[in-house]
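As structure tokens, the structure follows; a few thoughts come after it.
We name chains A, B, ... by the order of the sequence lines, and we start the count at 1 in each one. No hydrogens, no waters, no symmetry mates; every other heavy atom, side chains included, goes into these values.
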Amino acid sequence: MKIATWNVNSIRTRKEQVLDWLNYQDVDVLCLQETKVIDQDFPRTPFEEMGYAVAVSGQKAYNGVAIFSKHPLEAVSCGFSPIVGEAITGKFDEQKRVITAVVDGIRLVNVYIPNGSSVGSDKYQYKLHWLEILNQYLQQLLQAETKICLCGDFNVAPENRDIYDPKKGDTNHIMASPEERSAIALIQSLGFQDAFRKFTEEGGHYSWWDYRTRAFSRDRGWRIDHHFLTPELYQKAVNCWIDRAPRKQEKPSDHTPVIVEF
DNA sequence: ATGGCGAATCATATTCGA
């Protein structure tokens, strides 16, 4: 059983690359972020023809998440409110950033955590608040479920070894600030562990490289795409790795897929 | 310190991403 996560930065632009990647990597589940398309325009058909069930939650131009699965998708819901209620969710379901489903007995939670712009900005506050609601959402799921795979684009590098230049982790940089890392640590304290770190201790492994500074060719990356697993699943994980191949292609996403295998 | 690139839209300029 392989579960992958990939911020594709527009599914319509990346459709052929995603199809090619699924053909050679043959994952059971792919969680996508930044699909950037409303649900009725999502290119479902080619993926369904490959044998995937497709669940989407998108909006125009920004954000958007989706799950592809070769096994049936059960108990699909979009946004926070179906799990925590509208009183807690407030305006935080306007941006389409979370979709969940049960696949083969595993509760998948696919998230596109806000990027936060810069430390101290309004978007930064939105990110921190969003993470608080995610925490409550996960607590609610944990009351009923033991096998949870929280995965997606976290827009947070949990530790300095996850950044090409660790100094950025010491300078209140977005994606590495103490408040963001505390929010992630608080989620981990609920019982979630980083699947990648079960298998790899050293730094130098990244899932995102900035388009703007030829960052990929210089390998100036960040590891910000993750699978966080509850103990029962964490124990069952036999591998977790980053596939850099899609990032080397023409017109790539700025992120590359991460895969966990059970 | 700034801008770099890439995508989408109310598109030939602007906003957003991280």
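Place A:Thr213 and A:Asn7 on DNA chain B by their nearest nucleotides, and A:Thr213 ends up nearer the 5' end.
A heavy atom closer than 4.0 Å to some atom of DNA chain B occurs in A:Asp153, A:Asn155, these being the qualifying members of residues 150-168 of chain A.
Between A:Asp210 atom CG and B:dC5 atom P there is a gap of 11 Å when expressed in whole angstrom units. A:Tyr124 places its OH atom 16 Å from the P atom of B:dA18, with the value rounded to the nearest Å. Residue A:His226 contributes atom NE2, which lies 13 Å from atom P of B:dA18 at whole-angstrom precision. Atom-to-atom, CH2 of A:Trp208 to C1' of B:dG6 comes out at 13 Å; the value is rounded to the nearest Å. Atom CH2 of A:Trp130 and atom P of B:dG17 are 13 Å apart (whole Å). If you measure from atom CZ of A:Arg212 to atom P of B:dT2, you get 14 Å, rounded to the nearest angstrom. Look at NE2 on A:His173: it is 14 Å from C1' on B:dA1, rounded to the nearest Å. In this structure, A:Ile174 atom CD1 and B:dG17 atom C1' are separated by 11 Å, rounded to whole Å.
When the P atom is compared between B:dC16 and B:dA1, the two are found 24 Å apart, to the nearest whole Å. Straight-line distance between the C1' atoms of B:dA11 and B:dG6: roughly 15 Å, to the nearest whole Å. With both ends at atom P, the span from B:dT15 to B:dG4 equals 16 Å, rounded to whole Å. Spacing of P atoms, B:dT14 relative to B:dA18, comes out at 22 Å, to the nearest Å. When the C1' atom is compared between B:dT12 and B:dA7, the two are found 15 Å apart, to the nearest whole Å.
Looking at A:Tyr62 and A:Glu34, their side chains never bring a donor and an acceptor atom within 3.5 Å of each other.
When heavy atoms are screened at a 4.0 angstrom cut-off, A:Trp222 is found touching no nucleic acid atom at all. Looking at heavy-atom distances under 4.0 Å, A:Phe216 makes no contact with the nucleic acid at all.
For A:Phe154 and A:Phe228, the gap between ring centers is short of 6.0 Å. Centroid-to-centroid, the aromatic rings of A:Phe80 and A:Tyr137 come within less than 6.0 Å.
Within 6.0 Å of atom CG in A:Asn23, more than 12 heavy atoms from other residues, nucleotides or ligands are found, so the atom counts as buried in its surroundings.
Between A:Asn110 and A:Thr100 there is no side-chain heavy-atom pair separated by less than 4.5 Å.
A:Thr256 is linked by a side chain to side chain donor-acceptor pair (under 3.5 Å) to nothing, counting only residues two or more places apart in sequence or in another chain.
Between A:His173 and A:Trp222, the angle of the ring planes lies from 30° to 60°, which puts this pair in the tilted group. Classified by interplanar angle (parallel below 30°, tilted 30° to 60°, perpendicular above 60°), the ring pair A:His129/A:Phe92 is tilted. Taking the six-membered ring for Trp and thresholds of 30 and 60 degrees, A:Phe68 and A:Phe42 have ring planes more than 60 degrees apart, a perpendicular arrangement.
For B:dG17, neither phosphate oxygen OP1 nor OP2 lies less than 4.0 angstrom from any side-chain nitrogen or oxygen of A:His255.
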Item to check | Under 4.0 Å protein heavy-atom contacts per nucleotide of nucleotides 7-16 of chain B, with B for base, S for backbone only and - for none | outcome: SSSS-----S

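Each of A:His205, A:His227, A:His226 was checked for a ring-ring contact (aromatic ring centres under 6.0 Å, His included) with A:Phe196, and the lone residue meeting it is A:His205.
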